[in-house]
Amino acid sequence: MGQPMNVGVVGCGAISAQYFPTIDRLPQLRLVAVADLDPDRAREAVQPYAGVDVLSVAELMADPRVDVVLNLTVPAAHAEIALAAIAAGKHVYCEKPLAATAAEAGRILQAADAAQVRVGCAPDTVLGTGTQTARKAIDDGLIGRPVAATAMMVTPGHERWHPNPDFYYVPGGGPLLDMGPYYITSLVTMLGPVTTVIGAASRTRAKRTIGSGPRRGEEIPVTVDTHVTGVLVHASGALSTLVMSFDAATTKAPHIEVHGEKGSLVVPNPNHFDGLVQVLSIGDDGWRDLPVAAGYLEAGRGVGLADFAATPVGEEPRAGGTLAFHVLDVMESLLASAHSGAAVTITSTCARPRPVASPGVTLW
C-alpha cells in the first residue's frame with residue numbers, strides 16, 4: 001500500500017485503448033511494459049505514454065518490475081497467458097471472460113492459489129455509479145424483496161464494425177460469452193449467486209461478412225450459438241430472464257430491470273460505468289430518477305485493476321477471480337442446458353462483491 005502496482009500488458013488490440021488512459025491517471029497503477037504478437041502495434045499503442053517498454057511475452061513475464069499482468073488477449077489465449085504469469089509469480093487481471101472454458105478458469109484459480117498470487121477479472125463496469133446505485137437501492141429495500149429481473153442485449157453482430165471479428169464467432173465468443181459477463185456480473189452483484197439455469201439457443205447464419213477495415217467483404221465461419229436465452233435461478237429465490245443476441249437489429253427494452261414486491265427498478269447498461277437508475281413503486285404515477293448514491297465516479301476500464309491493487313491481502317477483490325469463475329460457470333451451464341433441454345445445477349458459487357462506498361467515490 002502506498003506504492004503503485006506495476007502493470008505489464010499482454011495484448012494491445014482495440015480494448016487496450018480503453019485501459020491505457022485510465023491506468024495513466026490512476027495513482028494506484030503504473031504501466032511499465034507491454035507485449036503483443038505484433039510489436040509495431042504494441043509500439044503504436046503506447047506511443048502517448050512515456051517510459052513504457054515494448055517486450056516479448058517471455059521478456060514481460062520475466063521482468064522483475066512487473067507486479068501484475070493485465071491480460072488483454074483474445075479469450076482463447078486467456079488461460080495460456082494467465083498460467084504463464086502465475087508461473088512467473090505475477091498477479092493476473094484478465095479481460096472477460098476469465099478463460100474460454102470453466103475448466104481452464106478453474107486451473108487458473110488453482111494455480112494462483114498454489115502460487116499465492118491473486119486473480120482479478122473484468123468486467124469492472126459494475127463498480128461504476130450505475131450498477132452500484134441500483135444495488136444500493138435494492139439493499140436499502142426500495143423495491144422490497146427482489147422477485148425477478150430481465151436482462152436484454154440485442155445487436156446484429158460485431159462484424160459490422162470490428163475489422164477482425166473472428167474471435168466473436170468461435171468457442172469463447174458469441175453473444176453470451178462476449179456480452180453476458182457484463183449482464184450476469186451485474187445480476188450477481190445485485191441479486192447474488194446463481195444456483196440453476198435453463199436455456200435455449202439458436203444460430204441463424206453459418207457465415208458472417210466483415211463490414212469494415214482491410215478485410216471488408218470477407219466471410220468468416222460461425223461456430224457458436226448467436227442467440228441465447230434462458231432463466232437464472234438465484235440463491236435468493238429471484239428469477240432472472242436473460243436474452244443475448246447477435247441476430248437482430250435492436251430492442252427498446254431496458255438493458256436490465258429488477259422487479260420487487262414493492263416496486264421495479266430500471267438499471268443502466270452494464271457495459272457502461274454510469275447511467276440513470278429509475279424506480280417506480282406500486283401506486284406511483286410514473287418513474288422517478290434516483291441520484292447517484294454509490295460507485296466509482298468518472299470511471300473507465302481499469303478501475304477494477306486499481307481496486308484490485310488497493311484490496312488488502314486476504315480479501316477477495318470486487319472484480320475477483322471467484323466471481324468471474326462463477327459467471328463463466330453460469331454461462332457455460334446455460335449453453336449446456338440449451339443443448340440438452342434440461343435444467344443445469346450450478347456447482348460453483350461466490351459471495352456478492354463488497355459494495356463500493358456511498359455516495360460515490362473516485363480513485364484519483
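Start at 1 with the first residue, then count along the sequence.
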Lys/Arg N to Asp/Glu carboxylate O, [X] vs [Y], below 4.0 Å:
| X | Y | result |
| --- | --- | --- |
| K262 | D284 | no |
| R354 | E315 | yes |
| R352 | D139 | yes |
| R65 | D53 | yes |
| E159 | R205 | yes |
| R203 | D247 | no |

N/O donor-acceptor pair under 3.5 Å between [X] side chain and [Y] backbone:
| X | Y | answer |
| --- | --- | --- |
| N71 | H78 | yes |
| D36 | D38 | yes |
| H326 | V194 | yes |
| S212 | W161 | yes |
| T133 | A293 | yes |
| K90 | A84 | no |
| Q132 | V356 | yes |
| S186 | P270 | no |

Heavy-atom closest contact ([X] atom, [Y] atom, distance):
| X | Y | result |
| --- | --- | --- |
| S337 | I198 | OG-CA, 3.2 Å |
| I220 | P165 | CD1-CG, 3.8 Å |
| F167 | P75 | CD1-CD, 3.8 Å |
| R30 | N6 | NH1-OD1, 2.8 Å |
| V7 | V9 | CG1-CG2, 4.0 Å |
| L328 | P97 | CD1-CB, 4.3 Å |

**Report entry** Criterion side-chain hydrogen bond (donor to acceptor under 3.5 Å, both in side chains) on N271 and H255, from CA distance to verdict
**Finding:** CA-CA 10 Å; N271 192 18; H255 293 280; over 6 Å; no
When you group the ILVMFWY residues by side-chain heavy-atom contacts below 4.5 Å and let the links chain together, are [Y] and [X] in the same group?
| X | Y | answer |
| --- | --- | --- |
| Y183 | V330 | yes |
| M153 | I256 | yes |
| V222 | M244 | yes |

Looking at [atom1] of [X] and [atom2] of [Y], how far apart are the two atoms once the value is rounded to the nearest 0.5 Å?
| X | Y | atom1 | atom2 | answer |
| --- | --- | --- | --- | --- |
| T131 | Y182 | OG1 | OH | 12.0 Å |
| H162 | R215 | NE2 | CZ | 10.0 Å |
| E316 | L323 | CD | CG | 8.0 Å |
| D274 | L297 | CG | CG | 9.5 Å |
| I143 | I282 | CD1 | CD1 | 10.5 Å |
| M331 | I346 | CE | CD1 | 11.0 Å |

Examine the side chains of [X] and [Y] and answer whether a donor and an acceptor come within less than 3.5 Å of each other.
| X | Y | result |
| --- | --- | --- |
| D307 | Y296 | yes |
| S240 | H234 | yes |
| H227 | S202 | no |

I'd like to check [X] versus [Y] (side-chain heavy atoms, cut-off strictly below 4.5 Å). Are they in contact?
| X | Y | value |
| --- | --- | --- |
| V267 | M190 | yes |
| L176 | D178 | no |
| V66 | V32 | yes |
| L239 | V147 | no |
| I210 | R208 | no |
| T204 | T226 | yes |
| M61 | V69 | yes |
| L83 | I108 | yes |

Answer yes or no: are there more than 12 heavy-atom neighbours, outside [X] itself, under 6.0 Å from its atom [atom1]?
| X | atom1 | answer |
| --- | --- | --- |
| E80 | CD | no |
| L276 | CG | yes |
| E44 | CD | no |

Query raised in the report: Parallel, tilted or perpendicular: which fits the ring planes of H91 and F308, with parallel below 30° and perpendicular above 60°?
Result: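 The rings of H91 and F308 stand perpendicular, inter-plane angle above 60°.
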Requested in this report: May I ask you to decide if the ring planes of F246 and H158 are parallel, tilted or perpendicular, using 30° and 60° as cut-offs?
Outcome: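 Correct class here is tilted.
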Report task. Begin from the C-alpha positions of D289 and V277 and carry the test side chain to side chain contact (heavy atoms under 4.5 Å, CB included) through to its verdict. Result -> CA-CA 6 Å; D289 299 346; V277 180; over 6 Å; no
Report task. Would you sort out whether D124 and R318 count as a salt bridge (Lys or Arg N to Asp or Glu O under 4.0 Å), showing the intermediate values? Result -> CA-CA 8 Å; D124 54 2; R318 291 183 175 95; over 6 Å; no
Requested in this report: Go through L31 and D24 one step at a time and tell me if the side chain to side chain contact (heavy atoms under 4.5 Å, CB included) criterion holds.
Outcome: CA-CA 7 Å; L31 182 62; D24 191 51; over 6 Å; no
Report task. May I have the step-by-step check of side chain to side chain contact (heavy atoms under 4.5 Å, CB included) for L70 and I23, ending in yes or no? Result -> CA-CA 11 Å; L70 174 56; I23 292 172; 3.8 Å; yes
Report task. Evaluate the criterion side chain to side chain contact (heavy atoms under 4.5 Å, CB included) for residue pair M152 and S245; output intermediate values, then yes/no. Result -> CA-CA 8 Å; M152 301 281 290; S245 183; over 6 Å; no
Query raised in the report: Between D67 and R118, does a salt bridge (Lys or Arg N to Asp or Glu O under 4.0 Å) hold up when you go through it step by step?
Result: CA-CA 11 Å; D67 300 314; R118 293 193 290 172; over 6 Å; no
